[in-house]
Amino acid sequence: MSDSLPRYCVPDDVLAAHLEGEAVLLHMDTKDYYRLNATAAVVFKGLERGLGRAALVDDLCAQFEVERADAAPAVDSLLAELAERRLVSPAGAGQG
């Protein structure tokens, strides 16, 4: 099921600035800026700490008092969108 989803990491060419209640990302290759709302910023901060999907969902539930049933699909959707924009990549991709 969802536990088989890849673990993501933040590529070296993505810089993040965490502000109060949000985050701003800069993709150094494309020079595109992205602004993350509070919930997305919590997930991104977790990715920076090396958390896997389950821990990201737990983090979101703890900080925003949301149910796992709602948080899990939101995390999955965010991870897919971040990956599509090359702001995260599957851990181990391109390494070795």
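The figures here come from the full heavy-atom set of this structure, side chains too, leaving out hydrogens, waters and symmetry mates. Here, residue 1 is the first one in the sequence, and each next residue gets the next number.
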Considering non-hydrogen atoms only, spot the tightest contact between Pro90 and Cys9 and give its length.
O-SG, 4.3 Å
Mind checking what makes salt bridge (charged side-chain N to carboxylate O under 4.0 Å, His left out) contact with Arg35, not counting sequence neighbours?
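Residues passing salt bridge (charged side-chain N to carboxylate O under 4.0 Å, His left out) with Arg35: Glu22.
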N/O donor-acceptor pairs under 3.5 Å from side chains in residues 62-70, not counting sequence neighbours:
residue, atom, partner, partner atom, Å
Arg68, NH1, Asp58, OD1, 2.3

Give the cluster check for Leu15 versus Val24: same hydrophobic cluster or not, with ILVMFWY residues linked at side-chain heavy-atom distances below 4.5 Å.
yes
Is there a chain of hydrophobic side chains (I, L, V, M, F, W, Y, each step under 4.5 Å between heavy atoms) that links Leu19 to Val42?
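Unlinked, Leu19 and Val42 end up in two clusters.
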Going by the rule side chain to side chain donor-acceptor pair (under 3.5 Å), which residues pair with Asp29 if we only count those two or more places apart in sequence or in a different chain?
none
Across all chains, not counting sequence neighbours, the side chain to side chain donor-acceptor pair (under 3.5 Å) partners of His18 are Glu48
Begin with the C-alpha distance, continue with both residues' side-chain angles, and end with the deciding distance and a verdict on side-chain contact (heavy atoms from CB on, under 4.5 Å) for Leu36 and Val43.
CA-CA 10 Å; Leu36 303 181; Val43 173; over 6 Å; no
Taking the side chain as every heavy atom from C-beta outward, state whether Met28 and Leu26 have any pair of such atoms under 4.5 Å apart.
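When only atoms from C-beta onward are counted, Leu26 and Met28 do touch, with a gap below 4.5 Å.
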Provide the full list of salt bridge (Lys or Arg N to Asp or Glu O under 4.0 Å) pairs with a residue in residues 81-90, sequence neighbours left out, each pair given once.
Glu81-Arg85
side-chain contact (heavy atoms from CB on, under 4.5 Å) assessment of Leu56 paired with Leu78
CA-CA 11 Å; Leu56 293 171; Leu78 177 63; over 6 Å; no
One should read off an interatomic distance between Ser77 OG and Leu82 CG, to the nearest 0.5 angstrom, of 9.5 Å
Under 6.0 Å from the CG atom of Asp12, do we count more than 12 heavy atoms belonging to anything else shown?
no
Using 4.0 Å as the upper bound for N to carboxylate O, is an ion pair formed by Lys45 and Asp59?
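Salt bridge flag = no for Lys45 with Asp59.
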Set of side chain to side chain contact (heavy atoms under 4.5 Å, CB included) partners for Ala83, sequence neighbours left out:
Tyr8, Val88
Using side chain to side chain contact (heavy atoms under 4.5 Å, CB included) as the criterion, point out the one residue from Asp32, Leu87, Val10 that pairs with Leu25.
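That would be Leu87; it is the only one of Asp32, Leu87, Val10 passing the side chain to side chain contact (heavy atoms under 4.5 Å, CB included) with Leu25.
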